[in-house]
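Chain letters run A, B, ... following the sequence lines, proteins first, then strands; residues in each count from 1.
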Protein chains: 2
Amino acid sequence: MGRSATTLTDVARAAGVSLSTASLAFSGAGPISAATKDKVLAAAAELGYRGPDPVAASLRRGRSGVIGVVMGSAVRRSFRDPVSIQFLDGIVTTLAPKGYGTLLLPASAADETPDAMLTHAAMDAAVLMAGAVTSTSTIAALRARKLPTVQIGGAGRQGPAVRARDKDGMRMLGEHLRERGHTRVAVATLPWSNGATSGPVEVGTTRRPAAPITARRLDGLREAGVEPVAMWQCGSLVEDGIAAGRALLAERPTALVGFSDLIAAGLLLAAREAGLRVPEDIAVAGFDGIDLPWLGEDTLTTLVQPIAEMGRLAAEGAISLAVGGSPKTVTVDVELRIGTTT
Amino acid sequence: MGRSATTLTDVARAAGVSLSTASLAFSGAGPISAATKDKVLAAAAELGYRGPDPVAASLRRGRSGVIGVVMGSAVRRSFRDPVSIQFLDGIVTTLAPKGYGTLLLPASAADETPDAMLTHAAMDAAVLMAGAVTSTSTIAALRARKLPTVQIGGAGRQGPAVRARDKDGMRMLGEHLRERGHTRVAVATLPWSNGATSGPVEVGTTRRPAAPITARRLDGLREAGVEPVAMWQCGSLVEDGIAAGRALLAERPTALVGFSDLIAAGLLLAAREAGLRVPEDIAVAGFDGIDLPWLGEDTLTTLVQPIAEMGRLAAEGAISLAVGGSPKTVTVDVELRIGTTT
DNA sequence: GCAGAGGCTCGAATCGATTCGCCGACGGCG
DNA sequence: CGCCGTCGGCGAATCGATTCGAGCCTCTGC
């Protein structure tokens, strides 16, 4: 707060009351007569007092009122991902009215030393966005600080988490596709492991992805009896989806499934590009339920996650942690929204 | 930070050194022998000390190391606007490595009382995103705190700002369109005033928009001798752009200009929907230079703002303010990128 | 008129570190 | 052998508020 010349002590002196009384006038946490309060406030205005120093108050109170939000490892990528952004939105809009601040923290990349902020910023608790969980150095840094955290999209193995029943969702989608008679389903998955590069994934193997999200969603499809005829792993980007689509179409699938809506949108564009009619020639489905107003006439068949709601739940969990509570892991349902693409 | 049983005092005692020496071992800001330092660090590890309390350190240092970022009034809208997000991205990625934290603050809506965070959070300086500037209560709250701020996209009238030469850019675009022989240009502008609703704007009037961004961009077009045959004001959303496009096409323009790329994308979709070939039947141009990988074959003619760079400049300005400097307003060039749509 | 009961105010301790000036000891040099 | 410079460690003040128990003053009720 820099050169703040005037402190509460000055105000108290000017108002002719004690420091403690002046404090009460601002915090309102105690009995104080209206007259005295006005006197203090007037003196404060007179002196141009900025209000109680938040840092000093935090020190005394033992809580900073700040919740950290650790974005995915690749900061730039997180900022391009509408799902992360909507999580963030849900978090901020929940925290702000409750008087909590949101501190944005980039997760350190794979094994770099974590940013100073991660280790040195004042926070009462933190929310870990799915993508960030993979960076071991980030987790280690947080644990070293003994900072309570809630994961969003994570497994909830090491503490409270907010997660969606994505396996169930994918099973529903798989069943939907089978009902529609699709047997040749090609899938553009999320990366199989942290830091994997885009490209084909061998099918017919029973290997499970190392990345939990990818694994769960794939499991869901398989539970529905859908065994992909081709797979391609890629990031949640339209570009990657287009590339995946071009590659996957070589296998002549009758349905394309993207593990995110952005990917699915890319698949759809690739299908259109190939001159295929959707859904007559090929079906396309995604995951997330984000707004894609630019798809034109089509609305994507997708599994809708209550994204903002998950952000809200994570924020509430973090607040609970901040005040010493121990929130439980929350699991939310995803809903199959059938659009015009299947 | 809550139950932190162990403090630096405990560590010092355990290590058999004084408090001041223990502090030096962590901060490194003073002469200390390697042996002593190791001894302290070992004692700290032994006790499970989390490191110096950031809040206490901030209080003593007089700086919190946190920069606030005030997002546009309509939080949800800001989070959907890729430009805001990329500003934020540029800001975060600049601040983090320099050891500054980014505190996300939703601006209060029009005339509501500002969120507690705005007035009570610990910050050394703040960045005001363009959209947030309009909310008077937000500005008032910040001013009352005497918090130094840098505006992004603002006028820079009341302090340092980072701005783009958008008028010049629009002039270049106007000239480009005239060179291509366009005389009937319809424009989908940003809102003319804070809180304006979407809809037609009367042309032929000399009225200037109250919103500075809208005004500057329109001025630019006019300087190039482009007088719109029709105008529609709307938010920076694809949906709004589509609606604007449908309405504007009634005037049979030969070119459509959107004041943001999202709007322009909507215009393009509306044009396609109307069966018009782009650019043969109608030209489309935007503003911002964001990635729109889903436009298919087309690449939008647009004015590229160096968005991340502007975020970086704003962040550096904020840091300068935080340490007591007085950064100047920075103005960056926009570049006309000619795509396939004109 | 007095005792009791509230309602306000005030003192003082405390939150956990940073930092500056001072001092002791040790080593080099005359 | 003694003096001075220097390096490293120590004490104490300080950052700016919050908060609780103690005390005072006034009002009420008998």
Side-chain angles (χ1 to χ4, degrees), chain A residues 1-41 43-44 47-65 119-124 145-146, chain B residues 1-41 43-44 47-65 119-124 145-146:
Chain A
M1 316 304 310
R3 330 267 109 247
S4 176
T6 55
T7 72
L8 192 53
T9 310
D10 303 326
V11 174
R13 187 171 16 241
V17 300
S18 75
L19 173 59
S20 36
T21 302
S23 174
L24 258 31
F26 282 96
S27 69
I32 185 171
S33 71
T36 311
K37 184 169 178 175
D38 289 347
K39 196 165 55 176
V40 174
L41 263 28
L47 294 173
Y49 179 61
R50 307 138 124 97
D53 182 327
V55 176
S58 294
L59 173 60
R60 186 64 245 262
R61 289 213 176 97
R63 295 185 298 108
S64 63
T119 57
H120 292 322
M123 308 179 258
D124 295 337
R145 286 188 63 172
K146 294 183 186 144
Chain B
M1 314 304 309
R3 330 267 109 247
S4 176
T6 56
T7 73
L8 193 53
T9 309
D10 303 327
V11 174
R13 192 179 1 250
V17 300
S18 75
L19 173 60
S20 36
T21 303
S23 175
L24 258 32
F26 282 96
S27 70
I32 187 171
S33 72
T36 311
K37 183 168 177 177
D38 288 347
K39 195 165 56 176
V40 174
L41 262 30
L47 293 173
Y49 178 61
R50 308 138 124 95
D53 183 326
V55 176
S58 294
L59 174 59
R60 186 62 245 260
R61 290 212 176 97
R63 295 184 299 106
S64 63
T119 56
H120 291 324
M123 308 178 259
D124 295 336
R145 285 188 63 171
K146 295 183 186 144

Return the 5'-most residue of the pair B:I32, A:L24 with respect to DNA chain D, ranking by each residue's nearest nucleotide.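 Its nucleotide being nearer the 5' end, the pick is B:I32.
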When B:A56 and B:K37 are each assigned the nearest nucleotide of DNA chain D, the 5'-most assignment goes to B:K37
What is the nucleic acid contact for [X], judged by heavy atoms within less than 4.0 Å: base, sugar-phosphate only, or nothing?
X: A:P52; result: sugar-phosphate
X: A:L59; result: base
X: A:S33; result: sugar-phosphate

Ignoring backbone atoms, establish whether [X] has a side-chain N or O less than 4.0 Å from OP1 or OP2 of [N].
X: B:T9; N: C:dG16; answer: no
X: B:S18; N: D:dC10; answer: yes
X: A:S27; N: D:dA17; answer: no
X: A:S23; N: D:dA17; answer: no
X: B:Y49; N: C:dA17; answer: yes

Nearest whole Å is fine: how far is [N] [atom2] from [X] [atom1]?
X: B:R13; N: C:dA17; atom1: CZ; atom2: C1'; value: 15 Å
X: A:K39; N: C:dC8; atom1: NZ; atom2: C1'; value: 11 Å
X: A:R63; N: D:dT18; atom1: CZ; atom2: C1'; value: 12 Å
X: B:L19; N: C:dT19; atom1: CG; atom2: P; value: 13 Å
X: A:D10; N: D:dG16; atom1: CG; atom2: C1'; value: 10 Å
X: A:L8; N: C:dG11; atom1: CG; atom2: P; value: 14 Å
X: B:R61; N: D:dG16; atom1: CZ; atom2: P; value: 15 Å
X: B:D53; N: D:dA17; atom1: CG; atom2: C1'; value: 15 Å

Q: Indicate the atoms forming the closest heavy-atom contact of B:F26 with B:V40, along with that distance.
A: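 Looking at all heavy atoms of both residues, the closest pair is CE1-CG1, 4.1 Å.
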- Item | Closest heavy-atom pair and its distance - A:P31, A:L24 |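 Shortest heavy-atom contact: O-CD2, 4.0 Å.
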Could you check whether any side-chain heavy atom of A:R145 comes within less than 4.5 Å of a side-chain heavy atom of B:P54, counting everything from C-beta outward?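 With C-beta onward as the side chain, the pair touches.
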Exercise. Should we count NZ of B:K37 as having more than 12 external heavy atoms under 6.0 Å?
Worked result: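 No, NZ of B:K37 has 12 or fewer neighbouring heavy atoms, counting only those of other groups under 6.0 Å.
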**Study point:** Pair of N/O donor and acceptor under 3.5 Å linking D:dT14 base with B:R60 side chain
**Key:** yes
inquiry  = Under 3.5 Å, is there any donor-acceptor pair linking the side chain of A:S20 to the base of C:dG11?
reply    =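 Between C:dG11 and A:S20, which were checked side chain against base, a qualifying N/O pair under 3.5 Å is present.
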If the condition is side-chain hydrogen bond (donor to acceptor under 3.5 Å, both in side chains), which residues does B:R61 pass it with, not counting sequence neighbours?
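Partners of B:R61 under the side-chain hydrogen bond (donor to acceptor under 3.5 Å, both in side chains) test: none.
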